[in-house]
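The chain is numbered in sequence order, starting from 1.
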Amino acid sequence: MDQKKIDQQSQHWEKSFSSKPGMFGLEPSEAAIQARKTFQEQKASDFFSRKKIEILELGAGLGRDTTYLVDSKLINVTALDYSHEAIKIINKKKEDFKISDRITTKVWDVRDKLPFKDNSFDGCFSHMLYCMALSTSDLINLNKEVCRILKPGGINIYTARHTGDGDYKNGTHIGEDLYENDGFIVHFLSRDKIN
């Protein structure tokens, strides 16, 4: 494993987010659209609860999913990303959209223990974070942390690239199933690894 290259990914993302603030588009991902429905259905099944659903978004990027996941009646989002630039952009969006009371942001490297108490969130969402420059042991530790911070019955929804992807094994091999292409390191997950 080329740990030096993995550790340099944060600088690559900072540069990318600074130079291309709309690099993933402005519309929410299909994963976020489906996740919001799932979280809303989870709330509907608990009819008597008047509490808001608290969602943790990992690897929030530029916030296109963050701002979509928020629901004025049901859902608050805590968004983490290790890019200062990304969090700055999300903070501007939450002001522009007048949803500052619904979104909390924090710069955080998910390789570290999550900065929340046990059973703090109803759900966790991450679009393409699990396929970033994280080793298998990083992913195992992250998943343990997600399980720790989720309330009983909480849901973890994530997307990832897989070993059947057409880009699998393209680019420079970094270690395990990680490949660098155009400066970005992608971890391709097998079905066994996901399980």
Side-chain angles (χ1 to χ4, degrees), residues 1-21 23-24 29 31-32 35 54-67 69-70 76-94 103-151 154-161 171-189 193-194:
M1 185 75 69
D2 189 339
Q3 194 61 46
K4 183 178 178 186
K5 278 196 174 264
I6 288 175
D7 291 340
Q8 291 171 342
Q9 279 294 279
S10 63
Q11 296 154 5
H12 187 70
W13 281 105
E14 285 290 349
K15 183 179 175 187
S16 296
F17 287 152
S18 295
S19 63
K20 302 173 203 163
M23 70 186 286
F24 295 115
S29 67
E54 297 295 331
I55 302 300
L56 175 62
E57 183 184 11
L58 301 173
L62 299 169
R64 69 185 179 129
D65 290 341
T66 312
T67 55
L69 287 169
V70 167
N76 295 332
V77 177
T78 298
L80 301 185
D81 200 282
Y82 74 167
S83 165
H84 291 269
E85 187 64 27
I87 293 299
K88 185 171 106 178
I89 290 168
I90 293 172
N91 286 337
K92 180 165 180 1
K93 286 181 179 181
K94 73 181 191 178
I103 297 175
T104 303
T105 58
K106 188 168 188 67
V107 174
W108 198 261
D109 187 334
V110 297
R111 293 176 295 177
D112 297 330
K113 181 177 177 169
L114 295 176
F116 306 107
K117 294 179 182 176
D118 295 0
N119 307 318
S120 299
F121 292 92
D122 300 291
C124 184
F125 173 76
S126 53
H127 180 50
M128 297 303 204
L129 173 80
Y130 276 57
C131 62
M132 292 295 109
L134 300 166
S135 69
T136 301
S137 66
D138 290 335
L139 290 172
I140 290 168
N141 290 334
L142 173 59
N143 218 48
K144 286 178 183 176
E145 278 295 288
V146 168
C147 289
R148 180 186 66 77
I149 59 92
L150 283 177
K151 295 176 184 174
I155 301 171
N156 180 21
I157 299 173
Y158 68 91
T159 61
R161 293 181 74 179
T172 305
H173 186 239
I174 303 300
E176 297 181 4
D177 285 321
L178 285 92
Y179 292 86
E180 181 182 11
N181 216 324
D182 295 328
F184 293 100
I185 297 174
V186 177
H187 191 152
F188 295 89
L189 279 63
K193 193 173 287 187
I194 290 169

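For the salt bridge (Lys or Arg N to Asp or Glu O under 4.0 Å) test, residues two or more places apart in sequence or in another chain that qualify with Asp109 are Arg111. In this view, Lys88 and Glu85 satisfy the salt bridge (Lys or Arg N to Asp or Glu O under 4.0 Å) rule, not counting sequence neighbours. Legend: residues meeting side-chain contact (heavy atoms from CB on, under 4.5 Å) with Lys92, ordered by chain and number and at least two apart, are Asp96. Partners of Ser120 according to the side-chain contact (heavy atoms from CB on, under 4.5 Å) rule, which considers only residues two or more places apart in sequence or in another chain, are Phe116, Lys117. Taking the side chain to side chain donor-acceptor pair (under 3.5 Å) definition, one finds that Thr172 meets it with nothing, sequence neighbours left out. For Ser29, the side chain to side chain donor-acceptor pair (under 3.5 Å) test picks out Asp65, with sequence neighbours left out. Remark: Asn143 engages Tyr130, Asn156 in a side-chain contact (heavy atoms from CB on, under 4.5 Å) (not counting sequence neighbours). For Lys106, the side-chain contact (heavy atoms from CB on, under 4.5 Å) partners are Leu80, Trp108, Pro115, not counting sequence neighbours.
Note that CD1 of Ile149 is 6.0 Å distant from CG of Leu114, once rounded to the nearest 0.5 Å. Rounding to the nearest 0.5 angstrom, the gap separating the CD1 atom in Ile140 from the OG atom in Ser137 is 7.0 Å. Rounded to the nearest 0.5 angstrom, Ile185 CD1 and Cys131 SG are separated by 12.5 Å. One finds the CD1 atom of Ile90 at 11.5 Å from the OG1 atom of Thr104 (value rounded to the nearest 0.5 Å). A distance of 5.0 Å separates CD1 of Ile194 from OH of Tyr158, quoted to the nearest 0.5 Å.
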Q: Determine, step by step, whether Leu134 and Leu178 satisfy the side-chain contact (heavy atoms from CB on, under 4.5 Å) criterion, reporting the C-alpha distance in whole Å, the side-chain angles of both residues, the deciding distance to 0.1 Å, and the verdict.
A: CA-CA 8 Å; Leu134 300 166; Leu178 285 92; over 6 Å; no
**Q.** Test log, rule side-chain contact (heavy atoms from CB on, under 4.5 Å), inputs Leu58 and Val146
**A.** CA-CA 10 Å; Leu58 301 173; Val146 168; 3.8 Å; yes
Let me have the donor-acceptor pairs involving side chains of residues 121-128, under 3.5 Å, with sequence neighbours excluded, atom names and distances please.
residue: Asp122; atom: OD1; partner: Lys151; partner atom: NZ; Å: 3.4
residue: Asp122; atom: OD2; partner: Glu54; partner atom: N; Å: 2.7
residue: His127; atom: ND1; partner: Thr159; partner atom: OG1; Å: 2.8

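Side chains of Leu56 and Leu150 form no contact here, defined as non-hydrogen atoms less than 4.5 Å apart. Between Asp177 and Lys193, the closest side-chain pair of non-hydrogen atoms falls below 4.5 Å. Counting heavy atoms from C-beta outward, Val110 and Leu129 have side chains that approach closer than 4.5 Å. Contact check for Thr105 versus Lys94: side-chain heavy atoms found under the 4.5 Å cut-off. Ile103 places a side-chain heavy atom less than 4.5 Å from the side chain of Thr66. With a 4.5 Å cut-off on side-chain heavy atoms, His187 and Arg161 do not count as touching.
A distance-only check finds a donor-acceptor pair linking the side chain of Glu176 to the backbone of Thr136 [under 3.5 Å]. Judged by distance alone, the side chain of Asp81 and the main-chain N or O of Ala60 form a donor-acceptor pair under 3.5 Å.
The minimum heavy-atom distance linking Leu69 with Ala35 is given by the pair CD2-CB, 4.4 Å.
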